[in-house]
Amino acid sequence: MKSYNKFILMLFLLLILGLTGCGDKTVTNVGKLDFENPLNIPELLEPTIGSDGAKQFTLTMQSGETEFLPGKKTDTWGINGSYLGPTVRVSKGDQVAFNVVNHLSEVSTLHWHGMLLPAVMDGGPHQMIEAGETWKPNWTINQPSATTWYHPHLHGSTVRHVYRGLAGMFIIDDEDSKKLPSDYGVNDIPLIVQDKLFTRDGQLSEDNQTTFGTLGDEILVNGTYDPFLKVTASQIRFRLLNGSNARAYHFGFTDDRSFQLVANDAGILQEPVTLDRVMLSPGERAEIVVEFKPGEETILHSFNGGAGIENGEFDLLKIVAASKLTASTAIDGQLSTVPPIDAPKDAMVRQFKLSMESDINGKKMDMYRIDEVVPAGTREIWEINNFGWSHNFHIHNAAFRILDINGKEPSEYERGRKDTVFIPNGGRVRIAVEFGDYSDPNHPLMYHCHLLRHEDDGMMGQFLLVEPGTESQVPMELPKDSSGTHNHH
Ligand code: C2O
Ligand code: CU
């Protein structure tokens, strides 16, 4: 080969490697940690009870400083604190009411990821909260138990707001979930996993821009760098939440122990599944129950999964079991009585094409365009085809079951109720979607890639949930002067 050709080939290869952000070397923190810092457990937020019986919570978005790295102060954002937010925990049937206070110096929103609720309460890009203002959503919890979460959803700025620290866990209990370990902070532990890139002086860096946005080389769990956790019970339920911008994690333990998967994003499984790995892309959750013997130690680890967002090998959390452990009842048999989501034979089928240019069906997100109109409370089949890079797909106000991935059954760890699904490069994923019952012909809901840079770049569409039979009557454009998009109080 002529050296000129070789040069061109090299350039091409470098370009590909640079774009996919993979290179030939695995990003890793293995060997760098001492597991010195006790894992932060986000405070459980206590409600006050309103005169109408609603549980009232106040969430204040604010800026602050957090010491992640020893001796270095990092500028961060948080909710009721300097980084991340408290855990909200309620039960099915509860009425909830929030004061979401924006003490930042810029507009934001707060979205309830995984929640079934009226569209105006959703906290998506249209429910903007200006600096200094308070947004007051309220609804009744009307869905099976699940580990959901909240985070900003300001169009074009979600990645920045979440990366700086605005996110928290929102747990829904019901009779099924209470049979699992449920003593918060004792045998029921939230784990919010996020990769970060730090500058030399310890600030959060938004560099290392790949097509997926910033991919970090350090890990925070619940905002704790270099964490350990001492457990005092023989069975621990971990609620794993991938709260990262783009990175995917292949969760497991360094001693390769198995564990029981008991829930996917949108609820408890019918039966536990014994596994040793669970993969989560951004926005996805899983609940696992892990058994410990007195005095033993292990490390929650993310195993290298390949290129792009799956490239990386990380120690996440050292777990040390006390010399005496509280025994808990073993988990077996039926967990949930909620039937799996199925679509009827004549179900509506919708197609979504994801491209390398961060669009869906050839279109970028437009706040004033309605892309789909869906009858409320129905079940449909959505087919998502990926024509470039890794993506995932999240639908607001819905839960779904994966029917197949490239024509094959999904992995064991992703067969339950979900609201976010990984879509591999070149992949075709079909899901049976069950939409919420609330209808509103004026306020759209979102479906989008949860790789936050892609979402900000416009890889998002809007749908309306409407009264069945009224689909053809709703306008496909929203009025440009609609002041309903802002909240002035
Ligand atoms: Cu987690 Cu549309 O968001
Ligand atoms: Cu994407």
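Quick note: residue numbers are just sequence positions, from 1. Whatever order the structure lists ligands and atoms in, that order sets their numbers, starting from 1.
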At the Cu ion (ligand 2): angle between H454 atom ND1 and H391 atom ND1, to 10 degrees: 90°
Contact check: H111 to atom 2 (Cu) of ligand 1, N/O/S below 2.8 Å: no
Salt bridge E206-R160, side-chain N to carboxylate O under 4.0 Å: no
Heteroatom of H113 nearest to atom 1 (Cu) of ligand 1 (N, O or S, atom name): ND1
Criterion side-chain hydrogen bond (donor to acceptor under 3.5 Å, both in side chains) on W77 and S63, from CA distance to verdict: CA-CA 4 Å; W77 287 1; S63 60; 4.8 Å; no
Donor on one side chain, acceptor on other, T224 and N222, under 3.5 Å: no
Opening angle between NE2 in H450 and NE2 in H151, taken at atom 1 (Cu) of ligand 1, to 10 degrees: 110°
At atom 2 (Cu) of ligand 1: angle between H448 atom NE2 and H153 atom NE2, to 10 degrees: 100°
Option passing side chain to side chain donor-acceptor pair (under 3.5 Å) with H153 (candidates H111, Q127, E455): E455
Ring center gap for F259 and F238 short of 6.0 angstrom: no
